[in-house]
Amino acid sequence: MKTACPIELTKEPKIAYFSMEIGIQNDIPTYSGGLGVLAGDTIRTAADLQLPMVAVTLLTKKGYFIQELDDAGRQREHPYSWDPSKHMVLLPTRVAVTIEGRDVLVQAWQYTVTSLTQGCVPLFFLDTDIEENAPEDRQITHCLYGGDEAYRLKQEIVLGIGGVRMLHELGFEIKKYHMNEGHSSLLTLELLNRFKRPIEDVWDEKLVWDVERVKDLCVFTTHTPIEAGHDRFSYDLVVRILGEIVPLKVLKELGGADSLNMTRLGLNLSKFINGVAKKHGEVSRNMFPGYEISAITNGVHSYTWTCDSFKRLYDKYLPGWANEPELFVRVTRIPKSEIWDAHMEAKNALLSFVLRTAGVRMDPDVLTIGFARRATAYKRADLIFSDVERLRRIGSGKIQIVFAGKAHPKDDLGKKLIQKIFSVRERLKGVITIVYLTNYDMNIALTMVSGVDLWLNTPLRPREASGTSGMKAVHNGVPNFSVLDGWWIEGHIEGWTGWSIGPHPVETSLVENVDSRDADDLYDKLEQIIIPLYYDNRPAWIEMMQNAIGMNAYYFNSHRMMRRYVTEAYIR
Ligand SMILES: *Cc1c(COP(=O)(O)O)cnc(C)c1O
């Protein structure tokens with residue numbers, strides 16, 4: 001049935017963007033963090049730029065999870081319940097995928113992203129919760145990053161294989177398939193099957209599988225800078241659940257000899273491969289020698305990640321900025337006093353949100369530091385607490401800190417980190433105000449990145465493939481104070497756009513991380529440079545805010561990113 005998809009949507013060949021998670025709006029909880037928010041920004045930008053794109057993801061009816069924290073910071077998880085029919089339209093079209101030998105039906109919900117520029121990107125949420133399916137199959141699209149390996153593989157079958165079939169059934173002609181991370185790599189197998197052709201008189205089996213044709217169609221973005229982070233499945237599991245969609249011998253050549261590595265599969269079947277920052281491209285080339293890996297540094301969707309007060313300011317002084325973020329280069333046209341006023345409006349909005357949700361009164365005149373991201377060990381949320389007494393001496397009455405972030409339900413170290421922050425909060429009570437906002441989501445992200453004075457990031461190098469929350473901060477004139485990793489290696493100009501923490505990155509290994517050295521640098525700069533500048537030289541501080549906008553937001557936006565995807569990956 002093609003009627004549900006307006007004819008004008010299918011008339012032009014499309015770029016099909018596949019992502020396990022997509023953060024398209026705050027109350028559609030089909031995302032967990034950076035990967036999904038980037039996917040949302042990609043789609044919003046494609047609509048702004050009127051790119052011929054469609055996107056595919058899973059419905060995840062129970063979302064990631066709702067975070068509850070008790071007084072000690074212990075996390076409990078609850079499922080979301082949300083009603084897709086409030087946001088999207090269920091299409092009558094169904095396709096089937098084979099899972100454990102059973103036919104599993106897949107349906108799709110259509111959400112349409114539209115832009116003021118008249119651009120439009122249909123987004124399809126795949127859903128197996130259909131009466132005709134076996135009870136266990138109905139749950140395949142319920143939980144994002146939940147369940148065991150088998151569950152994950154089933155989800156990836158629905159996403160990759162089901163997604164290609166669904167687009168085909170809906171009448172789309174696809175000119176590129178863009179895999180946002182390896183979760184959707186199985187789509188390459190569906191394409192291999194579609195294009196297989198027996199070649200007479202040629203006995204080499206590989207030639208029957210038109211690898212080159214599939215490669216021409218596929219674009220792969222990797223986001224994972226460490227070996228253990230890549231999805232891998234044992235071939236026993238693969239054969240049991242997926243069956244031999246292509247002969248095992250062929251699959252092993254493409255996906256790895258010992259286990260099916262979804263990144264390797266994507267790499268072997270994509271002509272264009274990229275990492276998400278220059279450094280990450282380098283790290284990826286070391287991890288996967290022999291592949292040509294480019295780097296297109298991530299960006300964020302400027303309009304989405306700018307708070308109301310700065311939107312008004314940009315509209316006044318830089319009209320057209322939302323669809324042409326290059327205009328940020330003219331930021332010095334905005335009077336300093338108006339930048340400060342817009343910032344204080346955002347800061348007061350954050351502080352009233354904090355008061356409302358956490359019951360804590362913070363001081364609008366105190367330097368406010370923000371730290372929000374997934375609570376997981378490598379992000380080192382506790383680096384600033386390496387020496388609590390030193391922090392007390394430096395920051396007493398001079399700083400306050402807002403934290404947020406969820407730990408994956410199975411990440412015990414991540415959960416411990418949250419508890420540690422809670423215990424330091426008690427220890428510093430009355431000296432340094434610390435709050436932890438629960439249930440970090442896109443709304444809280446915008447409130448925080450715009451409402452704090454300084455955005456802190458202290459990951460273990462080179463684990464931060466790109467990082468995007470710091471890019472959101474700069475759109476609101478908030479400078480970064482961050483370890484030199486990911487995008488910040490490119491965006492950082494010391495004492496100009498913000499400040500670095502720790503040494504310059506010289507190599508791609510993990511050994512160069514010394515927590516104490518990073519912490520020392522953090523404390524030194526906070527004490528000697530940042531705190532004095534904030535309190536004693538406000539005009540210079542506002543100049544840093546302008547630089548964050550004019551030199552960082554100017555570049556680290558998804559309009560620049562998507563134009564590069566178009567010229568380097570999509571139309572080549
Ligand atoms: C932007 C964003 C992230 C990603 O932030 P990083 O700095 O890349 O870790 C995660 N979660 C939410 C809700 C976001 O808005």
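All ligand and atom numbering here is 1-based and tracks the order in the structure. Position 1 is the first residue of the sequence; numbering continues from there. The basis for the numbers below is simple: all heavy atoms, side chains too, and nothing from hydrogens, waters or symmetry mates.
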N/O pairs closer than 3.5 Å, ligand 1 and protein:
| unit_1 | atom_1 | unit_2 | atom_2 | d |
| --- | --- | --- | --- | --- |
| ligand 1 | 7 (O) | Ser469 | N | 3.1 |
| ligand 1 | 7 (O) | Ser469 | OG | 2.4 |
| ligand 1 | 8 (O) | Thr468 | N | 2.8 |
| ligand 1 | 8 (O) | Thr468 | OG1 | 3.4 |
| ligand 1 | 9 (O) | Lys379 | NZ | 3.0 |
| ligand 1 | 15 (O) | Lys472 | NZ | 2.6 |

Distance only, no hydrogens: is a donor on one side chain within 3.5 Å (strictly under) of an acceptor on the other, for Asn274 and Tyr565?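 The answer is yes; a qualifying pair exists.
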Problem - Sequence neighbours excluded, every pair satisfying ring-ring contact (aromatic ring centres under 6.0 Å, His included) that has a member inside residues 20-44 - result: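 Sorted result for residues 20-44: empty, none.
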key: Basic-acidic side-chain contact under 4.0 Å: Lys347, Asp453   =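 Looking at Asp453 together with Lys347, the answer is yes, because their closest N to O distance falls below 4.0 Å.
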Is Lys420 salt-bridged to Asp382, cutoff N-O under 4.0 Å?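 Salt bridge: yes.
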Q. Looking at Val300, Asn557, Thr468, which hits side-chain contact (heavy atoms from CB on, under 4.5 Å) with Trp305?
A.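 Result: among Val300, Asn557, Thr468, Val300 is the only option passing the side-chain contact (heavy atoms from CB on, under 4.5 Å) with Trp305.
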With a 4.5 Å cut-off on side-chain heavy atoms, are Cys307 and His475 touching?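 In short, these two side chains do not touch, never coming nearer than 4.5 Å.
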